[in-house]
Protein chains: 2
Amino acid sequence: MSKLGAAPTLDDVAKMAGVSTATVSRCLNSPDRVVKATRERVQSAVDALGYTPNFAAQVMAAKRTFTIGAIIPTMENAIFARGLQAFQEELHQHGYTLLVSSSAYKPDIEEEQIRTLAARGADGLLLIGHDRDPKIYEFLNRRNIPTLVAWSFTPDAPVPSIGFDNRAAMCALANRVIAMGHTRLGMISGVSAGNDRARLRIEGVKDAARQNGLDVSDLTIIETPYEIECGAQAFSQLMGQASHPTAILCGNDVLAVGALRRAQEIGLRVPKDVSITGFDDIELARIVSPALTTVHVPHREMGRKAALQLIEMVEKQVTDQGEQLDTSIIEGQSLGPPVGI
Amino acid sequence: MSKLGAAPTLDDVAKMAGVSTATVSRCLNSPDRVVKATRERVQSAVDALGYTPNFAAQVMAAKRTFTIGAIIPTMENAIFARGLQAFQEELHQHGYTLLVSSSAYKPDIEEEQIRTLAARGADGLLLIGHDRDPKIYEFLNRRNIPTLVAWSFTPDAPVPSIGFDNRAAMCALANRVIAMGHTRLGMISGVSAGNDRARLRIEGVKDAARQNGLDVSDLTIIETPYEIECGAQAFSQLMGQASHPTAILCGNDVLAVGALRRAQEIGLRVPKDVSITGFDDIELARIVSPALTTVHVPHREMGRKAALQLIEMVEKQVTDQGEQLDTSIIEGQSLGPPVGI
DNA sequence: AGTAGATATGTAAGCGCTTGCATTTTTGAT
DNA sequence: ATCAAAAATGCAAGCGCTTACATATCTACT
C-alpha cells in the first residue's frame, strides 16, 4: 500500500488484483481486450482503493490530453457564456474536457494563456476573433496545435473560423435604422484595436451610411470598453454634441444597456427621443425595457459546431474552411422613427 | 533537434546550450543557483527554440501543479462571475492557475468534476456551499486535498468556509419587508435540495415571520431552478392564488428579475401592486427598473479572501476556521408598503 | 492428442521533468 | 601557491502511466 495521503497508483491496483499494471491499464482503457473475470477482479480493486488515474502520467505516456482550451475575452458579462456553454456540452459528449481562461481583452495576457494551454497539452484551441500577432499563429503551427476561431467568420485567415459576418450583420441593422428615417447616426463601439468584431461592426455601419448617401464623416464613433458604465458615459458624450444623433448603434448589448440606462436617467424617452440598438442578443437585451432591437447571433449553434469541428481537426488532422452562420435582426422596442429634427 | 511538430524539450535546450538538463531546469526554477553566464546561454537557447516546459512532466516530477480547481453551480448567470473573477485574480498574483468547471447544480456532476480535478492534481479546491455527500469529504480528506467552501459560512462544517450567513441575511431582509407592513409574504426559492444557501434563505424568511408573529404556514414557498423564466412562472403561480401575497421574496436576483418582468407583463406595478426583493446584488439587479431591493454580498472580497486562505492551506498545510463576511441591504425601488388589501 | 492461430497477459521502455547526491570549479583566507 | 569551504554543475533515479513486443493460455480444428 502506498503512503497515506498519496493517491493510489496503477501499481497498487495491480498488486491488489494480482495482475500486471498493463492489464489494469487495459481494463480501464480498452476493457474488451481483457477477459471478464480479470476485469471484474481489477474493477473491485479499483473501487476498494478509490483509484483515479493520475492525469499527468496519462498525458505523458499517451501524449493525448482530451482537453480543449478556450480563451475568451471576458467572463464578466454574458456575451460568451451561452456559446461557451454549448461548446462545453458538445465537447463533454465526445469525452473532452474544456479549459477556459479569459484574457480581459488584453493581447499579451491572451498570448501567455495560449502558451500555458499549449504547455498543459491542450489537444486543440478555441480563440475568439482573428486579430492577433502573427507570431502566435506561427507558434501554434510549429507546435501543431489545431486551432479554431469563433465569433467571426473570415475565409482566408491563418486559421479556420466558425462564426458570422460581423460587418454584414451590422450593416443590415444600420440599414434598418436608416430606413426608419434616421440620418444623424452615432455609434458606441468596443475598442477596435486587436478586435476584428468591433472593427468590422464599425465598417458595417459605415457601409450602410455610404449605401444610403449619408456623409460618413458625420458619423461620430466612440470606442470604449465593453462595460455598462462605459456605454452610459459614451451615450452622454454623444448626446452632449450640438447636433446630436437621433439613433445610436452600439457595438454590443452591454454598451446598449448602458446607453439605455443613461438615456432614462437624463429623462430621454427611448425610442421617442433617441433610438438605441444593440448586438448579440444576450438575455439582458430582452430584460431591459424597452427591449433592445439587436442582432441575434446563434450562440449555441456556434458553440456546438465549433466543438464538432475542432474535435474533427484534432482527431483527423484535417482542416476545413470553417462555416459562416446567419444572423438576424431582433425587433425590440428601442428603435423607432426619429421625431422632429 | 527533436521531430517537427513536437515541442522542444529540456534536453533540446540543454544540448543547444551545452549544459545538463539539471542546469536548464535550475535556470528556469531557481535562477540564483546558476551563474550568470550559463543562465544567459540557457536563456538564449530557450528563446531560440521557443521552449515551454511540459506541464504534465513538471507535475509528475515535482508533485505540484500550482493549480487550484473551482467548481461552481453555473456560469450561465452572473451570480458567481464577479466573485470568481476576484478569486482568479488573486490566485494569479500568487502564481496559481485556476481551473473552473460548472456542475449545473447537479450533485453527481459535481462529484465527477471533483474527481477529475483531483486527478489533474489540483493543489486545492474551491466549492460552493456545504451540502454534499459525506463521501466526497472523505475522499478529499483521504487524498489530502485542501478544500474551502465559499458563498456560505458555517463554523463546524467538514471543511472551512468563507462566506456569509445566508439565513441571517435573508431574515434581515424579510424583517425589513414585514416592517413595511406586509403580512402576506410569498417566496420564490431556488431548489433547496443539496443547496444550503437556498435552504438557509428559506429558513431566514421563516425566522422573520416567526419573530413578527406571522403564521409560518401561511407562507407560500415555491422552489424552482435559478432561471429568469422560472422566476416568472413562479410569480404567476403565487399571484394566481386567491389571497395572493403583497410581497415576494426571491432566493436570488435572477428569480427576482423573472418575477419582476412577469409582473410588468401582466400589468402589475412594482412596488405599488406587489413588492419584489432579490438576493446577491448582481449587476442585473441595478439595471432593471425598478431597481431591485436586494441583499448585497461582498463578492469580490469573498473571492479574494477565499484565494488567500486556500493558498495558505495549500502552502502551510494549516486549516483555520474560515471567515464570516457581512452583507447589507440595498435599497432599490422594488419594495414599498402594501396598498389596500 | 496435437497444433496453428487467436486471445489474454506480462515485460519493460520510455514520456519530460525535478532533485538528492556526487563531482567539479571557484573563491578566499592563509 | 595551497587548501578547505562554498558555489556551480552533472548524474541518474524516479514520478505513474501507456503500449509495442514477448510470452503464456485458450480455441477449435484435424
Side-chain angles (χ1 to χ4, degrees), chain A residues 1-3 5-43 45-46 49-67 116 118-121 123 143, chain B residues 1-3 5-43 45-46 49-67 116 118-121 123 143:
Chain A
M1 184 72 192
S2 51
K3 294 177 276 321
T9 70
L10 247 208
D11 224 68
D12 295 326
V13 177
K15 285 215 184 70
M16 180 175 246
V19 296
S20 73
T21 61
T23 299
V24 178
S25 175
R26 279 188 285 254
C27 276
L28 268 28
N29 302 312
S30 31
D32 42 311
R33 305 202 1 68
V34 169
V35 85
K36 190 163 170 235
T38 316
R39 205 187 318 143
E40 283 168 353
R41 204 142 35 88
V42 169
Q43 188 54 53
V46 166
L49 259 32
Y51 169 78
T52 319
N54 178 306
F55 181 71
Q58 276 184 314
V59 171
M60 282 220 56
K63 308 283 220 166
R64 279 294 305 279
T65 61
F66 285 97
T67 294
T116 301
R120 283 185 183 250
D123 291 337
R143 276 287 215 289
Chain B
M1 185 70 193
S2 52
K3 296 179 270 334
T9 69
L10 247 207
D11 223 69
D12 296 326
V13 177
K15 285 215 183 70
M16 180 175 245
V19 296
S20 75
T21 60
T23 299
V24 178
S25 174
R26 281 188 283 254
C27 276
L28 270 27
N29 301 312
S30 31
D32 42 311
R33 305 204 358 71
V34 170
V35 84
K36 187 159 171 240
T38 317
R39 207 187 316 143
E40 283 168 353
R41 203 142 36 87
V42 169
Q43 188 54 53
V46 166
L49 258 31
Y51 169 79
T52 319
N54 178 306
F55 182 71
Q58 277 183 314
V59 171
M60 282 220 57
K63 308 283 217 167
R64 278 295 306 278
T65 61
F66 285 96
T67 293
T116 301
R120 284 184 184 251
D123 292 336
R143 277 287 215 289

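Bear in mind that the values here come from a model prediction, so they are computed numbers and not experimental data.
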Problem - Partner set under salt bridge (charged side-chain N to carboxylate O under 4.0 Å, His left out) for Lys63(A), not counting sequence neighbours - result: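 Testing Lys63(A) for salt bridge (charged side-chain N to carboxylate O under 4.0 Å, His left out), a comparison that skips the adjacent residues, returns none.
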Practice task
Quick one: list whatever passes salt bridge (charged side-chain N to carboxylate O under 4.0 Å, His left out) with Arg64(B), sequence neighbours left out.
Solution key: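 Counting only residues at least two positions away or on another chain, Arg64(B) forms a salt bridge (charged side-chain N to carboxylate O under 4.0 Å, His left out) with Asp123(B).
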Problem - First and last nucleotide of DNA chain D, 5' to 3', lying under 4.0 Å from heavy atoms of chain A - result: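 Using the under 4.0 Å cut-off, the span is dG16(D) to dA20(D).
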Problem - Interatomic distance, Asp11(A) CG vs dA12(C) C1' [rounded to whole Å] - result: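 Spelled out: CG on Asp11(A) to C1' on dA12(C) is 13 Å.
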Any residue in [range] with a heavy atom nearer than 4.0 angstrom to DNA chain C? Just list them by number, or reply none.
range	value
residues 33-41 of chain B	none
residues 17-28 of chain B	Ala22(B), Ser25(B), Arg26(B)
residues 51-63 of chain B	Tyr51(B), Pro53(B), Asn54(B), Ala57(B), Gln58(B), Met60(B), Ala61(B), Ala62(B)

Report the distance from atom [atom1] of [X] to atom [atom2] of [Y], rounding to the nearest 0.5 Å.
X	Y	atom1	atom2	result
Leu28(A)	Gln43(A)	CG	CD	7.0 Å
Arg39(A)	Thr23(A)	CZ	OG1	12.5 Å
Thr65(B)	Phe55(B)	OG1	CZ	5.0 Å
Ser20(A)	Arg26(A)	OG	CZ	6.0 Å
Asp11(B)	Lys15(B)	CG	NZ	4.0 Å

Problem - Which atom of Pro53(B) lies closest to which atom of Ala119(A), heavy atoms considered - result: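 So the minimum-distance heavy-atom pair works out to O-CB, 3.3 Å.
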Exercise for the section: Heavy atoms only: give me the nearest Ala7(A)-Asp12(A) pair and the separation to one decimal. Expected result: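 The answer is O-OD2, 4.4 Å.
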Exercise for the section: Go through the side-chain N and O atoms of Arg120(B) and Thr67(A) and say whether any donor and acceptor fall under 3.5 Å apart. Expected result: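 The criterion, which ignores hydrogens and geometry beyond distance, is satisfied for Thr67(A) and Arg120(B).
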Problem - Residues that Val42(B) engages under side chain to side chain contact (heavy atoms under 4.5 Å, CB included), provided they are two or more places apart - result: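 With sequence neighbours excluded, Val42(B) shows a side chain to side chain contact (heavy atoms under 4.5 Å, CB included) to Val13(B), Ala17(B), Val19(B), Val24(B), Cys27(B), Thr38(B), Val46(B), given in chain and number order.
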Practice task
Please identify each residue that fulfils side chain to side chain contact (heavy atoms under 4.5 Å, CB included) with Ala61(B), with sequence neighbours left out.
Solution key: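 With sequence neighbours excluded, Ala61(B) shows a side chain to side chain contact (heavy atoms under 4.5 Å, CB included) to no residue whatsoever.
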Atom pairs, N/O to N/O, protein against nucleotides 4-7 of chain C, distance under 3.5 Å?
none

Problem - ring-ring contact (aromatic ring centres under 6.0 Å, His included) partners of Tyr51(B), counting only residues at least two apart - result: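 Partners of Tyr51(B) by the ring-ring contact (aromatic ring centres under 6.0 Å, His included) criterion come out as none, since no residue qualifies.
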Practice task
Can you tell me which residue pairs pass the side-chain hydrogen bond (donor to acceptor under 3.5 Å, both in side chains) test with a partner in residues 52-61 of chain A, sequence neighbours excluded?
Solution key: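 side-chain hydrogen bond (donor to acceptor under 3.5 Å, both in side chains) check on residues 52-61 of chain A returns Thr52(A)-Arg143(B).
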Exercise for the section: Mind grabbing the angle between the end helix axes of the helix from dA1(C)-dT30(D) to dT30(C)-dA1(D)? Five pairs an end, 10° rounding. Expected result: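 Its terminal axes enclose an angle near 30°.
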